[in-house]
Chemist: 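Below is the structure I would like to discuss, written out as C-alpha cells.
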Amino acid sequence: MSEVYILGAGIHPFGRFDKTYEAIGSEAAAAALKDAGVAWRDIQAAYLSRMYLPATSGVRILRKLGSTDIPVVDIEAACASGGAALRQAVLAIKSGEVDLVLVCGVEKMPRGFMDPSMIYSPWQIELGMSLNPGYWSMRATRHMHDFGTTEEQIAKVAYKNHRNSVHNPNAMYRKEFSLEEILASPLVCDPIRRLEICAPNDGAAAVVVASERKMRELGAAGIRIAGVAHTIARYSADFRCPADSMSATADNEGPTQVTARQAYEKAGLGPEDVNCFEVQDTDAFCEIEIYEELGLCPLGEGGRLIDEGVTDIGGSHPVNMSGGLISKGEPVGASHLGQIVEIVSQLRGQSGPRQVEGARIGLAHVLGAGGNCAVTILQA
Amino acid sequence: MALDKAARKPIRDGLLAGALEDLDQVSLYGSHCPSCGETSLGANDVCPNCGGASVSRTPLSRSGTLWTYTVVRHKPPGNYQGPDPFKPFGLGLVELPDGIRVLSPIDAPPEQLRIGMPLQFHPYVLRTDEGGAEIVAFSFQPVA
C-alpha cells in the first residue's frame with residue numbers, strides 16, 4: 001500500500017464574513033491546489049467535510065472550480081468531520097484506485113450558541129440541557145474535584161492560546177488578554193468563562209493529498225500522513241453532548257486515548273516524538289484533559305503542564321501554536337483541516353513568529369458531539 | 001371540558017415508571033442488562049453497552065448524590081421551558097445506587113451545589129400540551 005502525502009494546503013481565514021459558503025470553500029480549495037501545483041482537472045476524488053451546511057454542499061462548492069465528473073462526497077462526523085474526510089482520502093489512495101484527492105472542510109454558522117435541534121432531542125431542549133458548554137463544564141468541575149485542577153490553570157490555557165493567536169493572520173480574534181482579564185470575564189457555565197471558550201463561525205481549509213508515485217511523478221516534496229484515525233466514544237467513555245446519562249460502573253478509555261493510540265501505532269511514534277500539537281480547545285479546560293489523554297503526562301497532571309510552560313511555543317510540547325479554536329473560532333467542518341494547515345506550515349518552517357524550532361512531526365486532534373474523535377499525525 | 005388526570009404524559013416516552021397521577025410514586029425507568037450488568041436510562045429494548053436483547057425494565061432509585069455539576073448562566077437556545085425571565089440554574093449528573101449517573105436540572109440555589117450532596121427525585125408537571133395532556137418532567141432537589 002502506498003504512503004500518502006500532503007502536497008498542498010490552503011485556508012480561508014476563520015471569522016465572520018459577508019460571503020457565501022460556496023465562495024469561502026472554493027477559495028480554500030483553490031489555495032490548496034495552487035500550493036500543491038496541481039490543477040483541479042487532475043483531481044480524481046474529493047471529500048467535503050461540513051456539519052451545518054445543506055445537502056450536496058461539496059458539489060456546489062467545488063463546481064465553482066470548473067466542470068468535473070469525479071465523486072464528490074460530503075462527510076459529517078461533528079467536530080471530527082475534517083478528520084473523517086481526510087481518512088477517507090487516505091483510504092482511497094491506499095486502495096490504489098486514485099492517486100490525487102482533494103479534501104476540503106467548510107462551515108458557515110450563525111453567531112451564538114449552536115442550533116440545539118441539530119444535536120439534542122426536543123425534551124432535552126425543553127429542560128435546558130441543550131447548551132454545549134454545560135457538558136464541558138461538568139467535566140471541568142469533576143476534574144477540579146478529583147485532581148485539584150484550578151480555575152487559574154484553566155485560565156492559563158486561554159492566556160497561552162490568545163497570546164499565540166496574535167501571530168496568526170487566519171484567526172478570528174488576535175488579541176492578547178491578561179490572566180486577570182480572563183478570570184474576570186463572565187461565567188458562561190461554571191467554571192468556564194467567556195474568554196475560555198470558542199465561538200462558532202465561518203471558515204474553510206483544504207489539502208491536496210497524493211500517493212507516493214504521484215508525488216514523485218510531479219517532483220513534489222510532500223508532508224507524509226504518518227497516521228490518521230477516527231473513532232466514536234465507547235459506552236459511557238465520554239460525557240459530551242447529547243448524552244443524557246452515563247454509567248457509574250463501566251470504565252472504558254476515553255475517545256482521545258483510543259484514537260491517539262491508533263494514530264500513534266499507525267505512525268510507529270509516541271507522544272514523546274511529536275514536536276507540535278493542535279488540539280480541540282472548545283474550552284480551556286478541555287485542552288488540559290487532552291494533554292493527559294494524548295499521553296503528554298499522566299492522568300490528572302494536565303494542570304501542572306500548563307503551570308510549567310511545557311505547552312508554550314518554546315516548551316518541550318507546544319500546543320495550539322495557531323491560537324487554537326479559542327481564538328480562531330470553530331467552523332466545525334473546517335476545524336481539523338485548519339489544524340492540518342497549521343501543522344503543514346510548522347513542518348515546512350513557514351510559521352514565522354509562532355514557528356516551533358526544528359519541528360519535524362506534528363499531531364492534530366479534534367473531539368466533539370457523539371464522542372467523535374479524530375487524530376492525524378504528520379511527518380516532514 | 002375537565003382535564004383527565006390519566007392524560008398525563010412523560011416528557012420522553014419510556015422515561016418515567018409508575019402511574020403519573022400520583023407523582024410521589026413516580027421514578028425514572030432504567031433497563032438492566034443481565035449479560036453485562038449495566039443499567040441504562042429509560043425503557044430500552046437493547047442494552048446500549050453490549051447489545052444484549054434480554055434487558056429488563058426497572059424503576060430507578062429516587063435518591064442519589066451529585067457527581068458533578070455546572071451552573072447554566074445563559075438562557076439555553078431553542079424551546080427552553082424554564083422560568084421567564086431566565087434564571088441561572090444548576091445542571092448536574094446525579095449518581096444513583098443503580099450504577100448510573102443521570103443528567104438533570106438541580107433545583108437548588110446555585111451557590112449551594114456541592115459534589116456529593118444528597119438529592120431526591122422530583123417529578124413535576126412542566127406544561128400542558130395542545131391536546132390538554134399534562135407533560136411530566138423531572139429535576140433533582142436537595143433532601144429536605
Side-chain angles (χ1 to χ4, degrees), chain A residues 110-146 185-194 197 200 233-237 239-252 283 285, chain B residues 10-13 15 28 30 36-42 47-51 60 64 66-83 86 88-105 110-111 113-116 126-127 135 137-139:
Chain A
R111 232 172 234 278
F113 297 117
M114 297 181 186
D115 173 5
S117 66
M118 290 287 287
I119 296 177
Y120 301 94
S121 300
W123 72 276
Q124 293 174 299
I125 297 171
E126 285 194 49
L127 295 186
M129 300 172 177
S130 56
L131 215 60
N132 296 359
Y135 292 74
W136 319 331
S137 299
M138 283 184 269
R139 299 184 69 83
T141 304
R142 187 70 203 187
H143 199 274
M144 292 166 80
H145 175 267
D146 286 347
S185 68
L187 286 160
V188 177
C189 290
D190 302 22
I192 303 299
R193 296 171 184 278
R194 188 176 295 165
I197 61 172
R234 293 171 180 171
Y235 178 70
S236 263
F239 188 73
R240 215 165 292 273
C241 55
D244 58 21
S245 60
M246 69 183 291
S247 170
T249 58
D251 190 21
N252 287 315
D283 66 293
F285 164 72
Chain B
I11 191 166
R12 167 188 155 193
D13 284 344
L15 186 67
L28 291 167
C36 70
E38 285 293 332
T39 297
S40 53
L41 180 65
C47 171
N49 181 34
C50 70
L60 296 177
L66 189 58
W67 190 76
T68 191
Y69 64 92
T70 185
V71 180
V72 177
R73 305 246 174 214
H74 288 262
K75 187 181 175 185
N79 184 31
Y80 173 57
Q81 294 291 316
F86 172 76
F89 65 96
L91 184 67
L93 279 171
V94 181
E95 182 159 325
L96 304 179
D98 313 85
I100 187 171
R101 299 173 189 138
V102 178
L103 180 63
S104 175
E111 64 278 6
L113 298 177
R114 295 285 181 276
I115 286 178
L126 175 71
R127 61 177 171 83
I135 302 300
F138 70 97
S139 67

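Keep in mind that what you see is a predicted model, and the values were worked out from it rather than measured. Residue numbering restarts at 1 for every chain, and letters A, B, ... go by the order of the sequence lines. The basis for the numbers below is simple: all heavy atoms, side chains too, and nothing from hydrogens, waters or symmetry mates.
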Chemist: Going from NE2 on A:His145 to OG1 on B:Thr68, what distance comes out if it is rounded to the nearest 0.5 angstrom?
Modeler: 9.0 Å

Chemist: Tell me, for A:Ser117 versus chain B, whether the close heavy atoms (under 4.5 Å) come from the side chain, the backbone, both or neither.
Modeler: neither

Chemist: For the residue pair A:Thr249 and B:Glu38, what are the closest heavy atoms and their distance?
Modeler: OG1-OE2, 2.8 Å

Chemist: Considering the options B:Arg12, B:Arg127, B:Gln81, which one meets the side chain to side chain donor-acceptor pair (under 3.5 Å) requirement together with A:Glu126?
Modeler: B:Arg127

Chemist: Counting heavy-atom pairs closer than 4.5 Å to chain A, which one of B:Cys50, B:Gly82, B:Pro48, B:Gly92 comes out on top?
Modeler: B:Pro48

Chemist: Would the distance check show the side chain of B:Thr70 and the main-chain N or O of A:Asp190 forming a donor-acceptor pair, the cut-off being under 3.5 Å?
Modeler: yes

Chemist: Can you confirm whether A:Leu187 sits close enough to B:Val71 that some side-chain heavy atom of one is under 4.5 Å from a side-chain heavy atom of the other?
Modeler: no

Chemist: Any non-hydrogen side-chain atom of A:Ser236 less than 4.5 Å from a side-chain atom of B:Asn49?
Modeler: no

Chemist: Can you tell me which of A:Ser121, A:Gly128, A:Ser137 forms the most heavy-atom pairs within a distance under 4.5 Å of chain B?
Modeler: A:Gly128

Chemist: How many angstroms lie between atom CE of A:Met246 and atom CG of B:Leu41, to the nearest 0.5 angstrom?
Modeler: 13.5 Å

Chemist: Within a strict 4.5 Å, meaning less than it, do heavy atoms of the B:Phe138 and A:Leu127 side chains meet?
Modeler: yes

Chemist: State the OH-CG distance between A:Tyr135 and B:Leu93, to the nearest 0.5 angstrom.
Modeler: 9.0 Å

Chemist: Taking side chain as C-beta onward, heavy atoms only, is B:Leu103 less than 4.5 Å from A:Met138?
Modeler: yes

Chemist: What's the separation between atom OH in A:Tyr235 and atom SG in B:Cys36, rounded to the nearest 0.5 Å?
Modeler: 6.5 Å

Chemist: What's the spacing between A:Ser247 OG and B:Glu95 CD if we round to 0.5 Å?
Modeler: 9.0 Å

Chemist: Among the options B:Tyr69, B:Phe89, B:Trp67, B:Tyr80, pick out the one with the most heavy-atom pairs lying under 4.5 Å from chain A.
Modeler: B:Trp67

Chemist: Go through the atoms of A:Ala140 and report whether side chain, backbone, both or neither lie under 4.5 Å from a heavy atom of chain B.
Modeler: neither

Chemist: Using 0.5 Å steps for rounding, measure from the OG atom of B:Ser40 to the CG atom of A:Asp244.
Modeler: 9.5 Å

Chemist: Flag the pair A:Ser130 / B:Pro77 as yes when at least one side-chain heavy-atom distance between them is below 4.5 Å, and no otherwise.
Modeler: yes

Chemist: Check A:Leu131 against B:Val72 and note the closest heavy-atom contact, atom names and distance.
Modeler: CD2-CG1, 3.3 Å

Chemist: For a 4.5 angstrom cut-off between non-hydrogen side-chain atoms, does A:Phe239 reach B:Arg101?
Modeler: no

